[in-house]
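Protein chains get the first letters and strands the later ones, always in sequence-line order, with residue 1 at the start of each.
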Amino acid sequence: MLRMSTLFLRTLREDPADAEVPSHRLLVRAGLVRRVAPGIFSWLPLGYLVYRNVERIVREEMDAAGFQEVHFPALLPREPYEVTGRWTEYGDTLLRLHDRKGGDYLLGPTHEEMFTLLVKGEYSSYKDLPLVIYQIQTKYRDEARPRAGILRGREFVMKDSYSFDIDDEGLQRSYDRHREAYIKTFDRLGLEYVIVSAMSGAMGGSASEEFLAPCESGEDTFVRSEGGYAANVEAVVTVAPEPIALEGLPAAHVEDTPDTPTIETLVAVANAEHPHPDRPWTAADTLKNVVLRLDYPDGTSRPLIIGLPGDREVDMKRLEAQVAPAVPSPFEEDDFTKHPELVKGYIGPQVLGKESPSGIEYLVDPRVVPGTAWITGANEPGRHVFDLVCGRDFTFDGTIEAAEVRDGDPAPDGSGPLHSARGIEIGHIFQLGRKYAEALDLKVLDVNGKSRVVTMGSYGIGVSRAVAAIAEQHHDDKGLIWPREVAPADVHIVATGKDPAVFSTAEELALALEDAGLRVLYDDRKASPGVKFNDSELLGVPTIVVVGKRLVDGMVEIKDRASGQREEVPVAAAVAEVLKACGR
RNA sequence: CGGGGCGUAGCGUAGUGGCUAGCGCGCUUGCUUUGGGAGCAAGAGAUCGUGGGUUCGAGUCCCGCCGCCCCGACCA
């Protein structure tokens, strides 16, 4: 039993000045965590109880799935990370240190290398596969800007598992097993979450999904529809309209449009001087051609032009995900000088494409389909072409998902309009493929005695982050409201008043409930009722029992923290009623 | 790394060059009080982030440094 008279706990009446998001404010106010340095926190007794419950649930579900737990050091040597290139690739985010001999070490941000090497040292046959091993480990990332308290720290606890399979089918099975285990885990944690497909970019195009806990404080933006579609913004697929038959479409015609270097000025001039027969022109009638430079890791670079409806901006994150490993950057004056055929502000697709004289690759938004007619640059200053029809008057080299996704855009699966939302990444499952196995030479012999590179998956759950995510999703203006399984206790007994009978009854009740198998937090302090009630609401134990003034009538009160509902029950029935309230 | 804000007691804060740095919470002691962060009284607790400068005099003005928070960039 936890007695508040001796519990190491100090709640704060006021919000800490440096806390912004609800989980940070409440975890500090309720005395569950304390900051020791930016992005580094200590867990105090009640907080550590919650943390351990989360960790326990994660571990139970991993074990239930048949995965095996190991434990690596957090302090790691440089060499394995040198081999995979991450010693340098990870950059400043990698927390490095030296031992007394000047040797390079790091505090592990993630452990792909160590797992791969461990398996390499032990296994050498396909008969040993599949294998999944995991650990629950403190990880370190020297974040440029830790923020939001526990949500994004420099030290945090992650469950990371790794699967090892001989072939792609095996990898898919290991991936699916993790997906199932994660669903069970997050359900038990009481987290609302969505599973979004994530871009794995240039990492080989393999499957990757993120588990996001929707909440205001989330750092990841995703979109979802009423009908259940959810995806990372980077992964959203644009719904393309049906192509239009080319017959009978008006012929293209070039018009003078002086001083119209922007879409706004163009639309204004078009409406004033070349009005549409039936309706006003809008930005969506124009085809904007955005010029970019792609820089490749090998040092080469080349231009790329993206054609998209004039009412859309290029979303840099989506673009980067599409062109990786190349890095896009704006086209500079110098670049324009090298390409005199590009007339700044008046670029049109007639001169673009790999097959054209310019040879510049031209990719369009999926909304630009054959038969659509556009107002676009005529490749000379002050002139635009109207009714330029895709597939008749110009061609393109391919499509690209680089345009911004807007609220109201249709979901690709037809499940309704998309709305953007924010979420906390609480889990990520990822088919790594053979990248690490190849780099570290993890091979096994197959049935034919041939050496084959193992294929891997990596799967993470932010354990400490999940505590904060739960707090984000389960609180009100009075404090925390823990889901039962992660709560620091099942029942919080509040004794009010100074009547010795109150305290003796409360004590007996606490002992009886503990005997019945409940985890009991008992407020036996000599504090005023207001203090105790407020603390009980701040701490967020799901069931609260008040033993106080109604005891003279032989009654105690049972409150449900989440709903606020309360009922009075006779003392004699209290144990049974509390057990019922706790779902026992 | 860019932009903005802030460093005064454990926490939250006031203090626009002039007396002994003020208040609330929390803490200690005593008495009273006990169904919504109690009352009275008496206390303890601060090198005002740090180094330098200006001044008769600096928490207050100037410069450097350090640290923290927020937005952005970054983020397996």
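Put simply, CG on A:D523 is 13 Å from C1' on B:G35, counting in whole angstrom units. Remark: P of B:G26 and CG of A:L538 are 14 Å apart, rounded to the nearest angstrom. The NE2-C1' distance, from A:H24 to B:C70, rounds to 13 Å in whole Å. Spacing between atom CZ of A:R35 and atom P of B:C68 amounts to 7 Å, rounded to whole angstrom units. Whole-Å rounding puts the A:D499 CG to B:U33 P distance at 14 Å. The interatomic distance linking A:K526 (NZ) with B:G30 (P) rounds to 13 Å, in whole Å. Atom P of nucleotide B:U34 and atom CG of A:N534 are separated by 19 Å, given to the nearest angstrom. Between the CG atom of A:L539 and the P atom of B:G36 there is a distance of 19 Å, rounded to whole Å.
Base engagement by A:E557 is indicated by at least one non-hydrogen atom pair under 4.0 Å involving a base atom. Contact annotation for A:R566: base contact, defined as any heavy-atom pair under 4.0 Å involving a base atom. Using a 4.0 Å heavy-atom criterion, one finds that A:E210 contacts no nucleic acid atom at all. If you check every strand for non-hydrogen atoms under 4.0 Å, A:T93 touches nothing. Heavy atoms of A:R34 sit nowhere under 4.0 angstrom from any nucleic acid atom. If you check every strand for non-hydrogen atoms under 4.0 Å, A:A495 touches nothing. If you check every strand for non-hydrogen atoms under 4.0 Å, A:A19 touches nothing.
Classification of the A:F115-A:H111 ring pair by plane angle, with boundaries at 30° and 60°, yields perpendicular. A:H178 and A:F67 have parallel rings, their planes meeting at less than 30° on a 0 to 90° scale where 60° marks the start of perpendicular.
A salt bridge between A:K184 and A:E180 is absent, with no side-chain N of the basic residue lying under 4.0 Å from a carboxylate O of the acidic one.
Counting atom types as modelled, A:E537 pairs no side-chain N or O with a base atom of B:G37 as donor and acceptor under 3.5 Å. With hydrogens and angles left out, the side chain of A:R13 and the base of B:G36 share no donor-acceptor pair within 3.5 Å. Residue-to-nucleotide contacts include no donor-acceptor pair under 3.5 Å from the side chain of A:K549 to the base of B:G36.
Taking atom P in both B:U13 and B:C6, one finds a spacing of 13 Å when rounded to whole Å. Taking atom C1' on both nucleotides, B:A14 is separated from B:A21 by 10 Å, rounded to a whole Å. If you take atom P in B:G52 and the same atom in B:G7, they sit 22 Å apart, rounded to whole Å. Here, B:C23 and B:G4 have their P atoms 36 Å apart, quoted to the whole Å. Here the separation of B:A58 from B:C63, taken at their C1' atoms, is 15 Å to the nearest Å. Of the C1' atoms belonging to B:G43 and B:G15, the separation is 24 Å, rounded to the nearest Å. Atom name P, nucleotides B:C11 and B:U50: the rounded distance is 15 Å, in whole Å. For the C1' atoms, the distance linking B:G45 with B:U8 amounts to 14 Å, nearest Å.
In this structure, A:H24 has its ring center under 6.0 Å from that of A:F41.
Two residues, A:H428 and A:D15, neighbour RNA chain B, and the one matched to the more 5' nucleotide by heavy-atom proximity is A:D15. Residue whose closest nucleotide on RNA chain B sits further toward the 5' end, between A:A17 and A:T496: A:A17.
With A:I133 as reference, A:Q68 is the one residue of A:Q68, A:E69, A:M62 to meet the side chain to side chain contact (heavy atoms under 4.5 Å, CB included) rule.
OP1 or OP2 of B:A38 lies within a sub-4.0 Å distance of a side-chain N or O belonging to A:S528.
The A:R550 side chain lies nearest to B:G35 when the options are B:G35, B:U34, B:G37. Out of B:C11, B:G37, B:G36, the shortest distance to the side chain of A:R29 is found at B:G37. Among the nucleotides B:U34, B:G26, B:G35, the one closest to any side-chain atom of A:K498 is B:U34. Considering only side-chain atoms of A:R152, the nucleotide from B:G26, B:C75, B:G37 that sits closest is B:C75. Of the candidate nucleotides B:A38, B:G35, B:C11, B:C11 has the atom nearest to the side chain of A:E14.
A:I558 is not listed as a side-chain neighbour of A:R566, based on a closest heavy-atom distance of 4.5 Å or more. Proximity of A:K139 to A:P109: side-chain heavy atoms (C-beta onward) are nowhere separated by under 4.5 Å. Within the 4.5 Å cutoff, the side chain of A:L539 has heavy atoms near those of the A:T11 side chain.
Side-chain atoms of A:Q473 come within 3.5 Å of backbone atoms of A:P214 as a donor-acceptor pair (strictly under, hydrogens ignored).
Helical stems involving RNA chain B, defined as 3 or more consecutive Watson-Crick or G-U pairs under 3.5 Å, span B:1-7 with B:66-72, B:10-13 with B:22-25, B:27-32 with B:38-43, B:49-53 with B:61-65.
Of all heavy-atom pairs between A:S23 and A:A148, the closest is OG-O, 4.5 Å.
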